[in-house]
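Below is one structure, written out as structure tokens; comments come after it.
Quick caveat, the model's predicted, so the values are computed rather than measured. Whatever order the structure lists ligands and atoms in, that order sets their numbers, starting from 1.
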Amino acid sequence: MFKYEYLLFFADFPFLFLLQKKVTRRNIQIGAKKFLILVTINFIILFWGFYRSSQAISELSKYNSLGLFAYQLMDVASETGLLFKEEKNITPDLVKSSKPSQLNAELQLRGSAKNKNLIIVQLESVQSFLLNKRIGGAEITPNLNKLIQESYFFPNFYTQVGKGNTSDAEFLINSSIYALGSEPMSTAIAGKEVPSLPRKLKQAGYYSATFHANEVSFWSRKEMYEALGFDGYFDQEYFGTEDYIAYGVSDEILYKKTVEKLASLKDEKFYAHIIALSSHYPYDLPKTKNKYTITLPEDYNGSIVGSYIKSVSYADYAFGKLIEELKKSGLYDDSLIVVYGDHQGVQTQNEKDTALVNEIIGHDYHPILDHLNVPLIVKVPFQKGKIVNSVGGLVDVYPTIANLLGLDLGEEIIFGIDLINTKTNTIGFRFYAPTGTFVTSQYAYAPGKTKASGVLTSLPDRRKREASQQSLEELNKVIDYINLSDEYIRTMK
Ligand code: GP9
Ligand code: MN
């Protein structure tokens with residue numbers, strides 16, 4: 001990823017060297033008393049900053065009170081402290097009783113896909129606001145829209161990835177543990193044995209593997225897959241480099257070769273986690289693919305949003321091919337199929353992009369409710385489609401799947417909840433939204449400088465309000481819960 005122009009960052013170093021020489025030559029001396037005063041002032045400023053930052057929860061507010069140097073110091077200190085922590089006795093009951101969510105008394109669809117194969121498709125950068133939308137009369141994602149009609153669809157579902165982006169989404173789905181945010185989960189769990197979906201399925205006689213067109217070393221995936229207990233992986237070595245888009249073969253080839261492999265496993269129950277890639281930033285879709293994508297009006301020319309929509313439109317085309325192939329091979333009715341978006345795709349950095357997105361969604365793009373909203377589609381064999389309005393995030397996918405496959409998670413430590421049977425749920429965020437951000441079925445909360453100074457967006461009218469006593473209580477609950485998840489994964493052997 002290195003580019004030679006990055007060397008410009010070091011262009012001032014020779015001058016620093018010259019300046020230092022000059023200063024040394026002057027041989028500045030400072031008396032012991034003055035030195036002591038200076039050191040004391042420094043410490044007072046530093047501790048005042050630490051005190052003020054302890055009143056804030058979001059990283060940005062902490063940084064604003066401490067400044068670059070002290071913030072880094074504090075970060076290193078807290079991370080290092082965690083490394084030496086003893087493994088804590090975190091029990092399934094402790095996690096259950098701390099949950100900011102509740103299940104319904106009676107569980108629906110329990111075991112309705114028992115003994116079926118499990119196919120999970122992770123769609124790169126696909127956000128919900130493109131689904132069931134038309135531009136100039138044409139659908140952007142006709143194939144996903146069709147699947148939604150026949151599936152359980154979760155319109156209030158959110159990404160929760162941290163620093164590991166795509167790979168964090170893979171981690172969250174397979175573990176139901178929050179991403180740390182400060183480090184990609186692939187490195188944070190390397191060498192550990194994480195209780196996970198693949199491990200649970202192994203006990204039920206399943207073979208599990210991941211399918212991704214990039215090299216497995218990207219995001220240290222090899223270590224992550226081992227820690228999560230996958231039986232195998234298929235990466236660039238298997239898929240080759242034909243019809244290359246972004247970091248690997250096109251989604252068309254990815255899906256074709258994946259189904260070939262899956263069809264050959266027919267006598268074995270399997271879990272396939274497929275990680276699509278063609279709609280990856282910077283959405284540089286080869287012209288040869290234009291014939292498969294939506295034609296956009298002229299005002300989209302030259303905009304990031306336009307390129308993004310084109311890429312997603314291609315990803316949708318390839319996805320349609322996957323469904324066709326699955327039907328042809330007989331796997332469609334024999335598998336529980338789960339589809340979700342890993343994380344957001346547009347940042348709306350300029351007025352033109354913002355205006356285009358606002359026009360598509362019909363209101364102002366919200367930094368949480370629109371930006372982090374990604375699709376979750378669950379196709380249960382032989383079940384009709386239904387919209388499930390539960391609020392949920394990536395952390396909730398494992399327990400949702402477990403209920404459908406009839407897996408018992410009673411003795412497992414999971415931080416998510418089964419979204420088909422959710423009574424209430426609160427979803428915490430970090431990294432792409434400041435820590436302390438959360439969403440419930442009634443509102444979204446974004447923290448300010450202090451816990452209480454945040455903004456609450458109520459739903460569905462999206463009216464902005466100040467924090468209420470109840471929202472602050474919820475905030476503390478969510479923060480404690482995420483801290484519990486961090487402690488669990490950090491101290492795991
Ligand atoms: C490449 C792909 C990139 O393998 O996962 O991931 P991202 O940049 O979206 O995290
Ligand atoms: Mn991604």
Exercise. Non-hydrogen atoms of His343 versus ligand 1: any pair closer than 4.0 Å?
Worked result: yes

Exercise. With a 4.0 Å cut-off, would you call Arg221 and Glu170 a salt bridge?
Worked result: yes

Exercise. Can we say Lys321 and Glu324 salt-bridge, meaning some charged N sits less than 4.0 Å from an Asp/Glu carboxylate O?
Worked result: yes

Seminar exercise, completed: ligand 1 atoms nearer than 4.0 angstrom to some heavy atom of Glu124 are 9 (O)

For this session: Would you name the N/O/S atom of Asp342 that lies closest to the Mn ion (ligand 2)?
Result: OD2

Exercise. Is it true that Ile275 lies under 4.0 Å from ligand 1, counting heavy atoms only?
Worked result: no

For this session: Take the angle between the ring planes of Phe239 and Phe211 and call it parallel below 30°, perpendicular above 60°, tilted in between.
Result: perpendicular

Problem set entry | Identity and separation of the nearest protein heavy atom to atom 4 (O) of ligand 1 | His212 NE2, 2.7 Å

Exercise. Can you tell me which residue and heavy atom of the protein come closest to atom 8 (O) of ligand 1, and the distance to 0.1 Å?
Worked result: His280 NE2, 2.8 Å

Exercise. Are Arg462 and Asp370 ion-paired here, with the side-chain N under 4.0 Å from a carboxylate O?
Worked result: yes

For this session: Step through the shown structure and confirm whether more than 12 heavy atoms of other residues, nucleotides or ligands are within 6.0 Å of NZ on Lys256.
Result: no

For this session: Mind checking whether Arg221 contacts ligand 1 via backbone (N, CA, C, O), side chain (CB onward), both or neither, at a 4.0 Å heavy-atom cut-off?
Result: side chain

Problem set entry | Ionic contact status for Asp334 with Lys269, cut-off 4.0 Å | no

Exercise. In terms of ring plane angle, is the pair Phe415 and Tyr488 parallel, tilted or perpendicular, where the classes change at 30° and 60°?
Worked result: tilted

Exercise. Which bit of Trp219 gets closer than 4.0 Å to ligand 1, counting heavy atoms only: side chain, backbone, both or neither?
Worked result: side chain

Exercise. Which protein heavy atom lies closest to atom 2 (C) of ligand 1, and at what distance to 0.1 Å?
Worked result: Leu277 CD1, 3.8 Å

Problem set entry | Proximity of Thr166 to ligand 1 by residue part, where a heavy atom lies under 4.0 Å | both

Exercise. Can you tell me the protein heavy atom closest to atom 1 (C) of ligand 1 and the distance?
Worked result: Asn214 ND2, 3.3 Å

Problem set entry | Lys327 to Tyr332 six-membered ring, cation-pi geometry met (6.0 Å, 45°) | yes

For this session: Under 4.0 Å from a heavy atom of Asn165: give me the atoms of ligand 1 that qualify, with their elements.
Result: 7 (P), 8 (O), 9 (O), 10 (O)

